[in-house]
Number of protein chains: 2
Amino acid sequence: MTVGRKLRMTNQRRVILEELKKVTSHPTADEVYQMVRQRLPHISLGTVYRNLEVLSQCGMIQRLALGINQRHFDANIENHYHIRCINCGRLEDVPIEPVAAFDNVLRGMSDYEIIGHRLEFIGLCPQCKK
Amino acid sequence: MTVGRKLRMTNQRRVILEELKKVTSHPTADEVYQMVRQRLPHISLGTVYRNLEVLSQCGMIQRLALGINQRHFDANIENHYHIRCINCGRLEDVPIEPVAAFDNVLRGMSDYEIIGHRLEFIGLCPQCKK
DNA sequence: TTATATGCAAATGATTTGCGTAGTC
DNA sequence: GACTACGCAAATCATTTGCATATAA
């Protein structure tokens, strides 16, 4: 839907990119808005959203947590891995045993108390492969 | 905040749990609502949300995609792993090299076209450890 | 010049919450 | 009987979108 569009480097877009490059945290759209607003007090939140979208679509930044903002529930309380279709959002189990040893790799390297991990593959489901 | 509450097994709660156990898909709250509504036509969406919350808090089901419904953005477009604080939601990088070989494990085991994976550790950040 | 981008405000979609009543223990 | 849960509707929070105007190329 945004394919083949000619992008312009506006002041707002440049500043958003610059500010995002300054930090190693992973700000939310609203946090980016707060950062950018110090340099461009009249920028709107909508512009920030639109630019974050455009910039991640052309690969200049990445959007974490995928495009999905609906939560999914599972009666299977065993830890298990999932695969999500990047096109339709379908979420399925993956027949790979969770590797508990990962957690230990991180223990001792991090100040966090490690509780576990989630591994999610990203791909195209059979239907969306075309 | 929901600690020490006495839970009651209401009809609605039982049906929600039963329906969720019937499927191996990972329905959203609204999908659970549609499923349950066939047996309990007068149940409200709010009740479904409340019960999914309660059931996942006491470990009878799990909530995927964590409790976070805000997207995060990152100017670092290299694939890298993250750790999220389960208490405050903080999201940070993890100093572990991504293991591209994972993707190959799944190739050939799955009908999906594998594009990549995301690994997110879950833990308690230094501040929240207490 | 002209299509893309902006600012603003309203719309949307998911989830949460307040409140008065119903049902479980 | 006391306290948890329910149904309903309104509220909230993040995100998206319509529209008239501004601006990069």
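Throughout, a chain's letter reflects where its sequence line sits, starting with A, and its residues are numbered from 1.
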Completion exercise
Nucleotide by nucleotide, nucleotides 18-25 of chain C touches protein heavy atoms under 4.0 Å in the pattern (B base, S sugar-phosphate only, - none) B----BBS
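- Where the helix from C:dT1-D:dA25 to C:dC25-D:dG1 starts and where it ends, the local axes point in directions that differ by 40°; five pairs per end, rounded to 10°.
- Every residue meeting the salt bridge (Lys or Arg N to Asp or Glu O under 4.0 Å) condition with B:E19, not counting sequence neighbours, appears here in chain and number order: B:K22, B:R39.
- Counting only N and O atoms by type, the side chains of A:N76 and B:H26 include no donor and acceptor under 3.5 Å apart.
- Shown here are the side-chain contact (heavy atoms from CB on, under 4.5 Å) partners of A:S44, two or more places apart in sequence or in another chain: A:T47.
- Here A:Q12 does not reach the OP1 or OP2 of D:dT23: none of its side-chain N or O atoms lies under 4.0 Å away.
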Fill in the blank from the handout: Quick tally for nucleotides 9-16 of chain C: nucleotides whose base has a protein heavy atom under 4.0 Å get B, sugar-phosphate-only ones S, the rest -, giving -----SBB
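- For the atom pair CD1 (A:I96) and CG (A:L119), the distance works out to 7.5 Å, reported to the nearest 0.5 Å.
- With side-chain heavy atoms closer than 4.5 Å counting as contact, directly or through intermediates, the hydrophobic cluster containing B:L40 also holds A:F73, B:V15, B:I16, B:L17, B:L20, B:V32, B:Y33, B:V36, B:I43, B:L45, B:V48, B:Y49, B:L52, B:L55, B:M60, B:I61.
- With rounding to whole Å, A:Q57 atom CD is found 11 Å from D:dT16 atom P.
- With rounding to the nearest 0.5 angstrom, the NE2 atom of A:H82 is 13.0 Å from the CZ atom of B:R118.
- B:H72 contributes atom NE2, which lies 9.5 Å from atom OG of A:S25 (distance to the nearest 0.5 angstrom).
- Apart from B:M35 itself, the hydrophobic cluster it occupies contains B:V23, where clustering links Ile, Leu, Val, Met, Phe, Trp and Tyr at side-chain heavy-atom distances under 4.5 Å.
- Cluster partners of A:M9, using a side-chain heavy-atom cutoff of under 4.5 Å among ILVMFWY residues and allowing indirect links: none.
- Sequence neighbours left out, the pairs with a member in residues 92-116 of chain B that pass salt bridge (Lys or Arg N to Asp or Glu O under 4.0 Å) are B:R90-B:E92.
- Put simply, the side chain of B:I83 reaches to within 4.5 Å of the side chain of A:I114, judged on heavy atoms.
- The ring pair (Phe, Tyr, Trp, His ring centres under 6.0 Å) contacts involving residues 90-118 of chain A comprise A:Y81-A:H117, A:F102-A:H117, A:F102-B:F102, A:H117-B:F121, where partners must be two or more places apart or lie in separate chains.
- Within the 4.5 Å cutoff, the side chain of B:C58 has heavy atoms near those of the B:L7 side chain.
- Near DNA chain C, meaning a heavy atom under 4.0 Å away, the residues from residues 31-43 of chain A are A:H42, A:I43.
- For the pair A:N51 CG and D:dT16 C1', the interatomic distance rounds to 14 Å; values are reported in whole Å.
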